[in-house]
Undergrad: 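Take this structure, written in structure tokens, and hold onto it; I'll ask about it next.
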Amino acid sequence: MTTYKAIRGMVDILPAATPLWQSMETTALEVLASYGYEEIRLPVIESTGLFARSIGEVTDIVEKEMYSFNDRNDDSMTLRPEGTAGCVRAVVQHNLATTPQRLWYMGPMFRYERPQKGRQRQFHQIGVEAFGVATPDQDAELIALSRQLWRRLGVDDALTLEVNSIGSASDRARYREALVAYLSDRREALDIDSQRRLQTNPLRILDSKSPDTQEILDAAPALRDYLDSESREEFDQLLAYLEALDIPYRINPRLVRGLDYYNKSVFEWTTNALGAQGTVCGGGRYDSLVEIFGGKPMPAAGFAVGLERLILLMQALEITVSSPADLYVIAADEGTYRHTLPRMDALRRQFPDLNIVQHLGGGSFKSQFKRADKSGASWALVYGETEVTNNQVTLKPLRSEAAQRTIGDAELTAFLADFLAETQRA
RNA sequence: GUGGCUGUAGCUCACCAGGUAGAGCACCGGAUUGUGACUCCGGAGGUAGCGGGUUCAAGACCCGUCAGCCACCCCA
């Protein structure tokens with residue numbers, strides 16, 4: 001017999017972890033709604049060309065990390081490696097950007113990379129994209145929104161905001177020339193990867209981790225000196241907004257994002273609690289992407305949150321949530337079980353927020369109580385012969401020292417209403 | 001894609017000049033009449049990731065392969 005395992009880099013999220021995921025997701029939904037962002041749901045597969053054009057032909061993502069294949073019509077398709085390209089495509093296709101739009105989406109992304117902690121081949125992101133506002137109040141709102149999310153999740157103390165401005169495309173072109181000129185003279189002192197990038201993507205040399213390369217970069221031309229006045233002013237304005245919001249930040253002049261479409265202000269939220277993959281959230285402005293995809297020129301900015309990394313961070317901070325059952329229903333035998341059926345059915349309709357777990361498969365009271373205990377339920381509802389003949393039910397507390405009691409069916413409703421009120425849910 | 005470490009019961013791990021596997025936790029059952037958690041007793045559960053080689057004999061050694069982890073790389 002053949003046994004199957006999930007394929008490399010594809011990860012099952014098991015019941016032990018889903019309560020934390022769900023809690024994180026609902027919190028995110030609330031925060032996004034509180035800022036007036038609306039959900040958009042997008043396909044997981046797009047034309048390969050869409051990503052090549054937006055992300056950039058010479059980026060690592062496009063060069064070697066895409067899950068691409070030809071469909072039955074021999075068209076090249078790609079499992080989305082990120083969400084912005086598809087979102088912009090949808091905005092253009094449906095003409096959504098006639099007025100400013102605040103959008104978000106959540107779902108799986110795919111990159112063919114070597115897996116390690118915090119890096120999978122299928123992973124999940126929440127993407128937030130805002131269209132139509134060119135001024136840095138938009139960048140500030142996006143950062144404020146993300147900080148609000150960290151606060152609500154209890155991870156804000158573990159995250160640091162890094163910001164930078166990478167200017168316009170023409171600023172970067174001029175800077176690239178200067179940087180290449182400077183580094184070419186010192187070519188042999190650079191690490192191998194940086195030597196290669198000298199031809200392909202020189203700006204990425206800036207965030208090389210090689211100490212030798214970084215030392216050479218200390219005396220290199222600075223990107224900031226090549227920014228036009230607009231980029232500079234808008235960056236300074238963003239910093240002023242961050243100060244007004246009381247969001248601590250670190251200007252990282254070597255922060256350059258890996259995707260070609262970014263311009264002007266960019267940012268990352270990072271942590272050192274996760275090892276090498278410390279970026280939990282990254283984003284910035286991408287003012288020319290809408291036009292590239294055939295829309296009317298339209299400024300835009302956004303960011304993406306890596307959900308696995310966020311979960312890992314929450315786990316590292318020992319943030320736990322659980323949703324145990326409220327009631328566990330025990331019946332003495334087949335006849336009493338049948339007696340409970342219409343009653344539990346009615347209770348579920350009457351109290352939709354109540355988690356009622358019915359014991360299945362029979363067994364002794366002893367074994368049923370063991371299960372009841374393991375379910376985490378607060379109360380066991382016990383139906384034996386006596387209860388059934390008297391139209392009663394026995395309530396046994398499983399989490400407290402309160403006394404067990406037997407009450408009439410009619411009183412159960414009042415009891416459960418009180419229970420929900422106590423647990424602040426009714 | 002590169003380098004290093006690891007891979008034994010559901011989980012965490014052990015044994016071992018190489019002589020066909022064990023613990024704790026978890027699981028199931030029991031300790032007289034309809035009651036969990038603690039305790040005691042018993043039980044079930046493993047093609048030792050997979051394939052090949054060396055050997056009388058391999059979970060242990062060698063090779064390959066797959067997977068995980070760590071770092072590089074890259075990003076979320």
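Throughout, protein chains are lettered first and strands after them, A, B, ... in sequence-line order, and every chain is numbered starting at 1.
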Undergrad: Determine the Euclidean distance between corresponding C1' atoms of C11(B) and A71(B); express it in Å to zero decimal places.
TA: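 That atom pair is separated by 28 Å.
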Undergrad: When all nucleic acid strands are considered with a 4.0 Å heavy-atom cut-off, which category describes K396(A): base, sugar-phosphate, or nothing?
TA: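 Answer is base: heavy atoms of K396(A) come under 4.0 Å of a base.
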Undergrad: In Watson-Crick or G-U wobble terms, both distances under 3.5 Å, what is the partner of U55(B)?
TA: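 Here U55(B) is not engaged in any pair, so there is no nucleotide opposite it.
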Undergrad: Contact class for Q404(A) vs. all strands (heavy atom < 4.0 Å): base, sugar-phosphate, or nothing?
TA: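 Result for Q404(A) = base.
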Undergrad: Can you tell which of G1(B), A37(B), U35(B) lies closest to the side chain of K370(A)?
TA: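 Nearest to the side chain of K370(A) among the choices is A37(B).
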Undergrad: May I ask you to verify whether the side chain of R111(A) and the base of A76(B) hold a donor-acceptor pair under 3.5 Å?
TA: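 Yes.
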Undergrad: Assign E387(A) to base, sugar-phosphate, or nothing according to its heavy-atom contacts below 4.0 angstrom with the strands shown.
TA: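 Since a base atom lies under 4.0 Å of E387(A), the category is base.
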Undergrad: Heavy atoms under 4.0 Å, any strand shown: does P397(A) hit a base, just sugar-phosphate, or nothing?
TA: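 If one applies the 4.0 Å heavy-atom cut-off, P397(A) turns out to touch a base.
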Undergrad: Could you check which of G34(B), C70(B), G29(B) has an atom nearest any side-chain atom of F365(A)?
TA: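 Comparing G34(B), C70(B), G29(B) against the side chain of F365(A), the answer is G34(B).
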Undergrad: When you compare C40(B) with G34(B), how far apart are their C1' atoms, in angstrom units rounded to a whole number?
TA: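 C40(B) and G34(B) have their C1' atoms separated by 23 Å.
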Undergrad: Among the candidates C69(B), A67(B), A76(B), find the nucleotide nearest to the side-chain atoms of R8(A).
TA: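 Of the candidates, A67(B) comes closest.
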Undergrad: Under 4.0 Å between any heavy atoms, over every strand shown, what does R371(A) touch: base, sugar-phosphate, or nothing? Just pick one.
TA: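 Contact class for R371(A): sugar-phosphate only.
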Undergrad: L14(A) CG to C11(B) C1': how many Å, rounded?
TA: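 Result: 13 Å.
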Undergrad: If we call it a pair only when both distances are under 3.5 Å in a Watson-Crick or G-U wobble match, what pairs with U35(B)?
TA: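 In the structure as shown, U35(B) has no Watson-Crick or wobble partner.
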Undergrad: Can you tell me the Watson-Crick or wobble partner of G42(B), both distances under 3.5 angstrom?
TA: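 By the stated definition (distances under 3.5 Å), C28(B) pairs with G42(B).
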Undergrad: Could you check whether Q122(A) gets within reach of a base, just the sugar-phosphate, or nothing at all, counting any heavy atom under 4.0 Å?
TA: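 No contact.
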Undergrad: For Q120(A), which of R111(A), R309(A), E308(A) qualifies under side chain to side chain contact (heavy atoms under 4.5 Å, CB included)?
TA: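 That would be E308(A); it is the only one of R111(A), R309(A), E308(A) passing the side chain to side chain contact (heavy atoms under 4.5 Å, CB included) with Q120(A).
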Undergrad: By centroid distance (under 5.5 Å) and plane angle (under 30°), are F369(A) and U35(B) in a stacked arrangement?
TA: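 By the stated criterion, F369(A) and U35(B) stack.
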Undergrad: Any donor-acceptor pair under 3.5 Å linking the side chain of T59(A) with the backbone of G56(A)?
TA: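 Yes, because the side chain of T59(A) sits within donor-acceptor range (under 3.5 Å) of the backbone of G56(A).
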Undergrad: I'd like the C1' distance from C28(B) over to G64(B), given in whole Å.
TA: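 My reading of the C1' atoms in G64(B) and C28(B) gives 41 Å.
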Undergrad: C1' atom, G46(B) versus C13(B): distance in rounded Å?
TA: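 My reading of the C1' atoms in G46(B) and C13(B) gives 14 Å.
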Undergrad: Between A14(B) and U32(B), how far apart are the P atoms? Round to whole Å, please.
TA: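 So the two P atoms sit 40 Å from each other.
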Undergrad: Looking at A37(B), G34(B), G3(B), which one has an atom nearest to any side-chain atom of V382(A)?
TA: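 That would be G34(B).
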Undergrad: Just by distance, no angles: are the side chains of T160(A) and T270(A) close enough, under 3.5 Å, to form a donor-acceptor pair?
TA: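 No.
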Undergrad: For R114(A), which contact category applies under a 4.0 Å heavy-atom criterion: base, sugar-phosphate, or nothing?
TA: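 Base, at least one base atom sits under 4.0 Å.
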Undergrad: Does any nucleotide pair with C13(B) by Watson-Crick or G-U wobble geometry, both distances under 3.5 Å, and what is it?
TA: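 Answer to the pairing question: G22(B), which forms a Watson-Crick or G-U pair with C13(B).
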Undergrad: If you check the Q125(A) side chain, which of G34(B), U35(B), A76(B) turns out closest?
TA: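 Nearest nucleotide to the side chain: A76(B).
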Undergrad: Using the C1' atom as the reference point in each nucleotide, state the distance between A57(B) and C5(B) in Å, no decimals.
TA: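 Roughly 30 Å separates the two C1' atoms.
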Undergrad: Applying a 4.0 Å non-hydrogen cut-off, can you work out what G9(A) is touching in the nucleic acid: base, sugar-phosphate, or nothing?
TA: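 The answer is sugar-phosphate, as G9(A) gets under 4.0 Å only of primed atoms, P, OP1 or OP2.
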Undergrad: In the strands shown, is C73(B) matched to any nucleotide by a Watson-Crick or G-U wobble pair with both distances under 3.5 Å, and which?
TA: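 Pairing partner: none.
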Undergrad: Looking at R399(A) and D373(A), is there a salt bridge between them, counting it only when a charged N and a carboxylate O are closer than 4.0 Å?
TA: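 Between R399(A) and D373(A) there is a salt bridge, with a charged N closer than 4.0 Å to a carboxylate O.
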Undergrad: State which of G34(B), A37(B), A76(B) makes the closest approach to the side chain of T386(A).
TA: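 Nucleotide nearest to T386(A)'s side chain: G34(B).
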Undergrad: Between G18(B) and C56(B), how far apart are the two C1' atoms, rounded to whole Å?
TA: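 12 Å, rounded to whole Å.
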Undergrad: Test your reading of the model: is there a side-chain donor-acceptor pair from S322(A) to the backbone of P324(A), 3.5 Å cut-off?
TA: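 Pair absent, no side-chain N/O of S322(A) close to backbone of P324(A).
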Undergrad: Which is true for R196(A) with a 4.0 Å heavy-atom rule: it touches a base, it touches only sugar-phosphate, or it touches nothing?
TA: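 Nothing: the residue R196(A), judged by heavy atoms under 4.0 Å, touches no strand.
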Undergrad: Look at the side chain of E113(A) against the base of A76(B) and say whether a donor-acceptor pair falls under 3.5 Å; ignore hydrogens and angles.
TA: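 Result: at least one qualifying N/O pair found.
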Undergrad: Would you classify E65(A) as touching base, sugar-phosphate or nothing, given that sugar-phosphate means primed atoms plus P, OP1 and OP2, and contacts are heavy atoms under 4.0 Å?
TA: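 Sugar-phosphate contact only - E65(A) comes under 4.0 Å of backbone atoms but never of a base.
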Undergrad: Say you pick atom C1' in A67(B) and the same atom in G51(B); how far apart are they, in whole Å?
TA: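 Each nucleotide's C1' atom is 15 Å from the other's.
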Undergrad: Does the separation of the ring centres of W269(A) and F303(A) fall below 6.0 angstrom?
TA: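 So the answer is no for these two rings.
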Undergrad: Would you indicate, yes or no, if G68(B) has its OP1 or OP2 atom less than 4.0 angstrom from a side-chain nitrogen or oxygen of Q116(A)?
TA: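 No, outside the criterion.
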Undergrad: The side chain of K374(A) lies closest to which of these nucleotides: U35(B), C27(B), A76(B)?
TA: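 Given the options U35(B), C27(B), A76(B), the side chain of K374(A) is closest to C27(B).
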Undergrad: Does a donor on one side chain sit under 3.5 Å from an acceptor on the other, for D137(A) and T135(A)?
TA: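 Side chains of D137(A) and T135(A): pair found under 3.5 Å.
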Undergrad: Paired with G64(B): which nucleotide, if any, by Watson-Crick or G-U wobble criteria at under 3.5 Å for both distances?
TA: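 For G64(B), the partner nucleotide comes out as C50(B), under the 3.5 Å rule.
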Undergrad: Can a salt bridge be assigned to the pair E234(A) and R285(A) using a cut-off of 4.0 Å between side-chain N and carboxylate O?
TA: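 Judged by the 4.0 Å cut-off on N to carboxylate O distance, E234(A) and R285(A) do not form a salt bridge.
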Undergrad: Considering Watson-Crick and G-U wobble pairs with both distances under 3.5 Å, what does U8(B) pair with?
TA: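 By the stated definition (distances under 3.5 Å), nothing pairs with U8(B).
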Undergrad: What does A332(A) touch in the nucleic acid at a heavy-atom separation under 4.0 angstrom: a base, only the sugar-phosphate, or nothing?
TA: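 Nothing, no heavy atom under 4.0 Å.
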